A.B. asks: 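Here's a structure for you.
Position 1 is the first residue of the sequence, and the numbers go up from there. Just so you know, these numbers come straight off a predicted model, no measurement behind them. Atoms within each ligand, like the ligands themselves, are counted from 1 in listed order. Values reported hereafter were calculated over all heavy atoms of this structure, with side chains retained and with hydrogens, waters and symmetry mates removed.
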Amino acid sequence: MYNKEQIQGLEAVTKDFLKNPHHIELTALKQVLQFHEYQYYVIAHPLISDFEYDQLYQQLLQIEAANPSLISADSPSQRVGNSLNNQFETHPHLVPMLSLENSYDADDLNDFDRKAKEGAQLDNINYCVEPKFDGASISLVYENDMLVRACTRGDGVAGEEITQNIKQIRSIPLSIPLSSYGIQQMEIRGEVIMSKKSFDDFNQKLLAKQLPTLANPRNAAAGSLRMKDPKEVADRNLDAFIYHISFYTLHAGASTPDLLKTHSGSLELLWNMGFRSPQKEKKLFPHIEGVIQFCKDFELERDHLPYEIDGLVIKINDFALQEKLGMTSHHPRWAIAYKFKARQATTILENVEFQVGRTGAVTPVAKLQPVAIGGVTVSSISMHNEEYIKEKDLRLGDTVIIERAGDVIPQIVQSISSLRKGTEKIIAFPSTCPVCDYPLEKEETEAVWRCNNPICTAQVVERMIHFVSKDAMDIKSFGDANIRKFYELGLLKNIPQIYQLDFSVIGKLEGFGKKSVDNLQAAIEASKQQPLYRLIYALGIRFVGETTAKTIASQIHHILDLVQLTEEQLQSFEDVGVKVAKSIRHYFNDEKNIQLIKELAALGLNMIQTNATAVDGNLSGLNFLFTGTLTQLKRSDAESMVEARGGHILSGVSSKLNYLVVGEDAGSKLEKAKKIASIKIITEAEFIELIK
Ligand code: IVH
């Protein structure tokens, strides 16, 4: 980033400014501070003390306070957030943020290599391997040398704008010399992390204030990004690794930088621009055998790193090859994650609780002596059903081995019977519902015991919790705790009452200020307009998950159409088999359920399938087709950009087409489109303008 001469120059200016604080020039001061931020945060090689840095920083604040018109967006002072009402708006990514496929052993990696070779029609492939940082992914957009936007991953297509919070991370430059590389706009990806030390320090501070501690560095990083107050973000000492350039455009007449031919080159370019890319951590391998050995060896290294990683990422180094292999809708075919093995720990199974779910299923939950495993404290684990307890011969008082792999829910692996003292107790499954005392029943084909009492309190509450949950009606600020509280207070007895709450009473409850009541009321009101599939899913019909709900919604007009459909008709829907069809019929044969739906309709909930596109963007309802060779964008990226903004990609030229984007050497499609007057024919540059 800085060459020797520049470093010497900046060091000299630093000394000068520290000695003569009255002769400071603003532009130079900003450069000096930026330089020291880079030394400290990106390359961990500070050249001045914290005290000296602070002296210079205070000078900056003074000069800017006296001359507010001179405050630039990339001034180090602008990292400090000033808006307490940091609202997060969703913003589409320029290129969707995909996930990675996972691998766990040499066989998986060999498979990946074989498929890649087949796809590329090559005998051998070069790989670049780097850490899989265990944090929260972010997307940054720089335009004309300035950071203009930072977003969370969100659903991959659009994320929440968190620019002000990201500015608190000092290793992320607010401006970079993009134009000196010929680049006008650039979208990059990376991971915000909290180092193990920052995580421990922060938890110590929380403990001192008798506040609950954070579970692990990943949650800490992810949670920090959505803090309302940027100052709190600054307190958490976050860091970021940048590992991917997802999109860029060039200035007129500029050509693609040479480094942008390979992944390792792009890491070097990012490093040169001033980002903390895994430039030092990356390793190149001429073939998969080296990769496999490295993956095995590195597992031991993970505990020596100052930050958490949950594996390694293996990427095909050559960009032309990456482009050739492309991606599925979920992950690129040119990269794979190698996940480290689960971490294990032992603890004592102290107690069992039997929980009743929304369908009446009774689940035994092991209460454990709390134990830390991979950064998370585990104190309770589901034991699924009676069979599971018997098969593993789990007893109260047993020492058990538990394991946790990455995002996976912790599991009990086994009990260690050799450590038994003879005082351990067999776990007896109850014969009646632990909540309402109704006799439990079990179907022959099932492993679970159920309470079939339709008015069992636990089920009524769980059904409401499911109804408002994120994937169902998504009523924000209406968490489990509120549902339980309102239910206990008699303010909420069933699902329709969610839409008839007495807010004047809620407003008087402890912990409910005007703002939270207003937010809750607005969220409930907004949920009435949720698309039909969410309502279908929210009803909690057995075996009808989110995907099935979507399929069903797309096949009907009004939810009550389902009353008329036979099992055979239902089975003709994609993904709907005998079991699901039976369950839907069973649900709609019950008059009480029809009444519930009618009540909800009377309360104003949407019951109808509308054909609105999933994404509401500036290209909503427009059809696109690309032809010829694009020079600035990858074809697949360009197509994803259209879809991210609500547009569609057509497979051929027809009168339905709105835009034909023409690259170099376009052929018959262009000729055909010219004959249809309604089609707008645009160049790649015009397309880039259009989507901005
Ligand atoms: S590459 C198309 N590289 O892991 C590019 N991802 O499980 C896809 N992650 O969503 C991402 N370290 O948030 C890449 N060195 C690394 C990474 C990395 C962590 C995260 C990233 C991704 C997730 C997939």
A.B. asks: If the cut-off is 4.0 Å to any non-hydrogen atom of Glu130, which atoms of ligand 1 fall inside it?
C.D. replies: 3 (N), 15 (N), 16 (C)
A.B. asks: Show the atoms of ligand 1 that are less than 4.0 angstrom away from any heavy atom in Ser137.
C.D. replies: 13 (O)
A.B. asks: Measuring from atom CG of Leu98 to atom CE of Met327, what distance do you get when rounded to the nearest 0.5 angstrom?
C.D. replies: 5.5 Å
A.B. asks: Is ligand 1 less than 4.0 angstrom away from at least one heavy atom of Pro131?
C.D. replies: yes
A.B. asks: Check ligand 1 against Trp334 and write out every atom of the ligand that is under 4.0 Å from a heavy-atom position of the residue.
C.D. replies: 2 (C)
A.B. asks: Please confirm whether Val313 comes within less than 3.5 Å of ligand 1 when only nitrogen or oxygen atoms on both sides are compared.
C.D. replies: no
A.B. asks: Using the ring pair (Phe, Tyr, Trp, His ring centres under 6.0 Å) rule, pick out the option among Tyr41, Tyr38, Tyr142 that qualifies with Phe275.
C.D. replies: Tyr142
A.B. asks: If you take the centroid of each ring, where Trp contributes its six-membered ring, are His263 and Tyr243 closer together than 6.0 Å?
C.D. replies: no
A.B. asks: When you measure from atom 3 (N) of ligand 1 to every protein heavy atom, which one gives the shortest distance, and what is it?
C.D. replies: Lys315 NZ, 3.0 Å
A.B. asks: So which protein heavy atom does atom 12 (N) of ligand 1 come closest to, and at what separation?
C.D. replies: Phe133 N, 3.0 Å
A.B. asks: In this structure, is the centre-to-centre distance between the rings of Phe112 and Tyr338 below 6.0 Å?
C.D. replies: no
A.B. asks: Examine His244 against ligand 1 and note whether any of their N/O atoms are separated by less than 3.5 Å.
C.D. replies: no
A.B. asks: Please confirm whether Arg153 comes within less than 3.5 Å of ligand 1 when only nitrogen or oxygen atoms on both sides are compared.
C.D. replies: no
A.B. asks: I'd like to check which ligand 1 atoms, numbered from 1 as shown, lie under 4.0 Å from a non-hydrogen atom of Glu191.
C.D. replies: 9 (N), 13 (O), 19 (C), 20 (C), 21 (C)
A.B. asks: When you look at Lys315 and Glu130, which way does the salt bridge (Lys or Arg N to Asp or Glu O under 4.0 Å) test go after all the steps?
C.D. replies: CA-CA 8 Å; Lys315 297 176 180 173; Glu130 69 205 31; 2.7 Å; yes
A.B. asks: Taking 4.0 angstrom as the limit, do Asp474 and Lys476 come out as a salt bridge?
C.D. replies: yes
A.B. asks: Students should be able to answer this: which protein heavy-atom is nearest to atom 10 (O) of ligand 1, and at what distance?
C.D. replies: Leu98 O, 3.8 Å
A.B. asks: Decide whether the shortest distance between a heavy atom of Pro332 and an atom of ligand 1 is less than 4.0 Å.
C.D. replies: yes
A.B. asks: Side chains of Asp145 and Ser179 only: does a donor on one sit below 3.5 Å from an acceptor on the other?
C.D. replies: yes
A.B. asks: Nearest to atom 24 (C) of ligand 1, what protein heavy atom do you find, and at what distance?
C.D. replies: Leu100 N, 3.7 Å
A.B. asks: What is the nearest protein non-hydrogen atom to atom 4 (O) of ligand 1, stated with its residue, atom name and distance?
C.D. replies: Lys132 NZ, 3.1 Å
A.B. asks: With Asp201, which of Gln204, Lys197, Lys205 fulfils side chain to side chain donor-acceptor pair (under 3.5 Å)?
C.D. replies: Lys197
A.B. asks: Check whether any side-chain heavy atom of Gln632 lies under 4.5 Å from a side-chain heavy atom of Tyr248, and answer yes or no.
C.D. replies: no
A.B. asks: Just how far is it from atom CD of Glu546 to atom NZ of Lys470, taken to the nearest 0.5 Å?
C.D. replies: 9.0 Å
A.B. asks: Can you tell me the protein heavy atom closest to atom 21 (C) of ligand 1 and the distance?
C.D. replies: Tyr243 OH, 3.1 Å
